[in-house]
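Input: a single structure, listed below in structure tokens.
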Amino acid sequence: MGKVIGMASTCLIASNFVLAQTDSTKRLKEVPVTATPAPKVQSLTPAQQLTRKDFARYSAFNIADAVRSFAGVNVKDYGGIGGLKTISVRSLGTNHTAVLFDGVQINDAQTGQIDLSKFNLNNVEEITLYNGQPDNLLQPARAFASASVLSIKTIRPDLTPGKPYQVQVGVKGGSFGLINPYLQWQQHINHNWQLVLNSNYIGANGRYKYKVDGDASDTLAIRRNGNVQSLQTDVALYYSKTDSNKFNIHLNYYNAKRGLPGPVVFYSELPGQHLNNNDLFVQAGYQHIWKNSLKLLLSSKLSQLKTRYLDSPYFNTKGYILENYKQREAYQSAALSYAITNAWEVSYAVDASYTTVDAYIDKYAYPARFTLLNVLASSFKLGKLQLQGNLLHTNIHESVQKGTAFQQKAVLSPTLVATVQPFSSPNFKLRAFYKNAFRAPTLDELYYYAAVKRVIKPEFVYQYDLGTTYSKNLNGFLEYIVLTADAYYNNVHNKILAVPSRNPAVFSFSNLGKVDIKGLDVGFRSQTRLYKGWQASLNINYTYQYAVDVSDPTAATYKQQIPYTPKNTFALNAGVNYHDLGIYFNQVLSAGRYYTGTNQPEYLVPGYALSDASAVYKFISGKTPVTTSLEVSNLFNKNYSIIRSYPMPGRSYRLSFQITI
Amino acid sequence: MKQFQLKTIFAAATILAVLSACKKDKVNITEVPQTGVYILSQGNIGKNNSVLSFYNSITKNTTGDIFSSVNGRGIGDTGNDARIYGSKMYITVNYSSTLEIVDAKTAKSIKQIKMDNAGTNRQPRYVVFDKNKAYISSYDGTVAVLDTASLTIEKYISVGRNPEQMVVSNGKIYVANSGGLDFANPDKTVSVINIATGAEIKKIDLATTNPVNIAADAYGDVYVISYGTDYPAHPKLTTINNTTDVVKTTVDIDAGYGTSFIVVGDLAYYLSDAGKVKVYNVKTETIANEGFITDATAIKVPYAITADPTTGEVFVTDAVDYTNNGKLYVFNKTGKLEYEVTTGINPGAIVILK
């Protein structure tokens, strides 16, 4: 049996369309269902995953809450329900993590950062973070093009003609004046077509109390202007004729009005700013598998992101700053894979995207960026050794209506991945990868108020990883244990840095930075055997990051830890289930971080210990399955902040109630 | 299992205790200021990390943030200007929108005045004094009049857009109206306030937009440096006659953005973007010295300048990279470095305490 698990462990899948390797899937069915097998450990590149049932265990409301316990992850959170939340993986900037929504990247060419607070968890089936890249060969080229990948997969309908629909209605509410009703409608249309509709509304005044440190005040202040009103709707249609012929299409709409409370400034309450988002995208995927194992994956996306930003009052002639941005993208990907032998598979993917940004600001360049990605990949199994490699070719062509366009020669980026089972037992494996990735400067870095012409080169990242995985099914008190440990070295060249100037109208960017990052990610997971309705689970992640600036040996920042990068972080999640009741405890510890490039004590943002607790209870009322939960975040009401001057909320509560019809 | 969890939590708590032990307490020797230099560093906007450092010229010790050491609280967000008048020092704190009045010899706060207008921050910038009144320019387009005996604001005088530096000359206050918050369309005027009536009597039109720095000499001239909207800037030095309040001349000047123009007798000191200290003779109206610094001291990001009229020393700050601690360099009258002091982030104002 152990061997079967070992085979199955390689098949953690990346894209919605991508099937696991067929031989593994077949064998998986042989596993007796009396015990839960150890969670799949991806043996190629490191991967961490949370599924729908885990979200309440982590008291997670949005995707940012869910991923902050992952090893190697640093979530930058500006606080509150509408505060910006971005992910940084292994001390690399947020632009180096691609966020995939059902296999297709959510791109923001303007800022390069994806605000994870925008993504509600109600329609999410699973979230997976891959260091390097997903280990599937059949996927869009964009999935190969970033230093790490955060993959979000939505719930897919799985209905039969006997029960042609399923409706879930729920509401979450609690602190911050939160009210979050949501609906999920799954419909079996006919033998081939299924539909799923997800819609959720979030309304919150966003207020919370916080303590100001350093202004000698002894009362708590109230964070205002953090209100949120958002509506997100996603309609997806799924078609499948056979397993080898599948199509899906999503229509996704997001509208939000948010107050941005801004930094807490001593002796002052700033009016803050307002941000409106109006996003629409349609994405489609088609997969075909031929009998000779040739597979085709087509992915398409059209998107429009509209942003409106208001800063009022402001002491200019108008009395305010109002900026409108419109970002549009057309994207097409085609990927082919073919298994030459049982052990040797090759693939090719080509992605083309065309992005424009219109910023209605003074002297704007109105850029349009065309990106063409070509990737050749191959995987090879040789006994206990598995190898994978790919070569990505990136071509960017940019044009502008005013000024000078960014120019970049084609870039070749190689990746090599290897895993080996050194002993006869498949429980223990060694893995290693090398990945070269780069990011082009974002359109904001190039053109936003570019009073001075900016010459910016792409930022290159060289990643080296060496790790082990150990996974064992047990017969005693514990059902399984999974242990992973990865040591890594990342090297960043031409790091793009903002260069301020005394003249507020002139800020620029340049490639001054070099960063050396040495780190360690350790994970442990275990679960007890179910005994008289009782079951307990434990997940632990530990991260060490030594990330230092090595740009200029004469600068005060030389060999100093880069800003907002804790050296040590620790996350623990423990839970006990008794029949349909689950009680969970989540703990995150973070060492202090410096908000400046020099590590002086006056610029330290202190470390914190944050605890969350939650309880989930499921029952049947009449014939209706009901799920209720209570989540308490920051259980011990600690004052802390992740970003200097952006205090995080104290203890907060969330109650939820959901019925399934 | 349960015991294991408790152990783990305990271990976690221990790790945290160790981690938090790494948080170093500030080692701050609080000097009693007698004679020396205050340096007000702005910090970064939104970081509440403005600090007032003090270098004691007798003990040669520096107190990193004497304001917080003495008062148990931070000075706030973006301290912009500091000046001594009588026994008190007046500090404008831009984003906190406060005026801190401290004892000049101890840095002990005497009064904190909130500068707001029905809840909207006025954003105070600079302060000048005349006949027991302090005049404070604010970005909301006003100059506040504060009585230095009662420490209360008596009135607000409306001037141009986003006023910056001011100078008192011939019974009038000249205010540089920058309009700098309209990036594409700055102001281009100097407001003239009659001190006796406390009202703006004239707006002098300049040839170049975005005037920021202003000074006056003993020969009836007011000097204004304007930066325009070109990048790189082509700053202009405008001379105004303080009797007729008309523009006399406008010439090019190699002035770094926002440099003060420090008039000491017949000489005026200012900074260039290249990190040079330049000297202008206000009597002959010619450049007296293109490079005051005579040793190898290199200033990366010239930020603030002042001069000591009695010793001839020149004080220059270096913001280095705008995001980390800066430096104060003190040169003797021959342009040789005497000593340097580490400051906070963006050291924008230097005050000599005698």
Side-chain angles (χ1 to χ4, degrees), chain A residues 214-217 262-271 313-318 362-363 449 451-452 477-478 499-506 528 536 538 540 555-557 566-568 570 572 574 576 585 587 589-592 595-598 600-604 606-609 644-645, chain B residues 1-2 4-5 8-9 12-13 15-16 19-20 22-26 46-49 64-65 68 71-74 76-77 93 95-98 112 114 119-121 123 139-141 161-162 180-185 227 229 231-233 256-258 301 303 319-325 345:
Chain A
D215 71 344
S217 62
V264 166
V265 165
F266 288 181
Y267 321 120
S268 178
E269 186 161 358
L270 297 182
Y314 193 84
F315 294 133
N316 56 3
T317 317
K318 279 194 275 185
D362 189 46
K363 295 176 185 159
Y449 284 113
V452 180
F477 174 62
L478 294 177
V499 182
S501 153
R502 181 152 195 184
N503 183 339
V506 187
T528 65
L538 179 70
I540 294 172
T557 50
K567 272 196 183 147
N568 296 282
F570 177 86
L572 175 148
V576 178
F585 177 77
Q587 176 77 35
L589 304 180
S590 172
Y595 68 88
T596 54
T598 50
Q600 269 143 334
E602 61 265 39
Y603 303 129
L604 183 82
Y608 56 86
R644 166 83 175 178
S645 304
Chain B
M1 189 69 196
K2 206 139 213 182
F4 176 56
Q5 282 171 30
T8 315
I9 293 164
I15 290 172
L16 187 79
L19 297 181
S20 50
C22 299
K23 176 185 163 185
K24 292 167 196 95
D25 283 328
K26 283 182 196 171
K47 299 286 198 303
N48 298 300
N49 56 355
D65 186 5
S68 68
N71 297 297
R73 61 183 174 88
D77 203 303
V93 191
Y95 281 86
S96 289
S97 204
T98 54
Q112 183 194 53
K114 178 71 194 169
T120 298
N121 286 338
Q123 300 195 23
Y139 266 165
D140 70 340
R161 288 184 277 142
N162 318 133
L181 297 186
D182 271 285
F183 295 120
N185 173 34
Y227 298 89
T229 51
Y231 307 103
Y257 191 94
V301 177
Y303 212 62
V320 187
D321 61 0
Y322 302 99
T323 52
N324 290 289
N325 283 345
I345 297 169

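By convention in this document, chain letters (A, B, ...) are assigned in the order of the sequence lines, proteins followed by strands, and residues within each chain are numbered from 1.
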Verdict with reasoning, B:Phe183 to A:Lys363, per side chain to side chain contact (heavy atoms under 4.5 Å, CB included): CA-CA 11 Å; B:Phe183 295 120; A:Lys363 295 176 185 159; over 6 Å; no
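- Proximity of a side-chain donor or acceptor of B:Asn162 to a complementary backbone N or O of A:Phe315 within less than 3.5 Å is detected.
- Residues B:Asp182 and A:Lys318 are not in side-chain contact: their nearest non-hydrogen atoms beyond the backbone lie 4.5 Å or more apart.
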Worked verdict on A:Tyr603 versus B:Asn325 for side chain to side chain donor-acceptor pair (under 3.5 Å): CA-CA 10 Å; A:Tyr603 303 129; B:Asn325 283 345; 2.4 Å; yes
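- Counting heavy-atom pairs closer than 4.5 Å to chain A, the top-ranked of the candidates B:Asn121, B:Val93, B:Thr98 is B:Asn121.
- Using a 4.5 Å cut-off between heavy atoms, B:Lys114 touches chain A through its side chain atoms alone.
- A:Ser217 does not touch chain B: none of its heavy atoms, backbone or side chain, sits under 4.5 Å away.
- Contacts of A:Pro313 with chain B are made by side-chain atoms alone, with heavy-atom separations under 4.5 Å and no backbone atom involved.
- A donor-acceptor pair under 3.5 Å is formed between the side chain of B:Ser96 and the backbone N or O of A:Phe266.
- Nearest heavy-atom pair across B:Gly46 and A:Pro263 is O-CB, 3.4 Å.
- Shortest non-hydrogen contact noted between B:Arg161 and A:Thr317 is NH1-OG1, 3.3 Å.
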B:Asn49/A:Tyr595 under side chain to side chain contact (heavy atoms under 4.5 Å, CB included): CA gap, chis, key distance, verdict: CA-CA 11 Å; B:Asn49 56 355; A:Tyr595 68 88; 3.0 Å; yes
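- Contact detail for B:Asn48 and A:Val264: the closest heavy-atom pair is ND2-O, 2.7 Å.
- Taking OG1 of A:Thr598 as the start and CD1 of B:Ile345 as the end, the distance is 7.0 Å to the nearest 0.5 Å.
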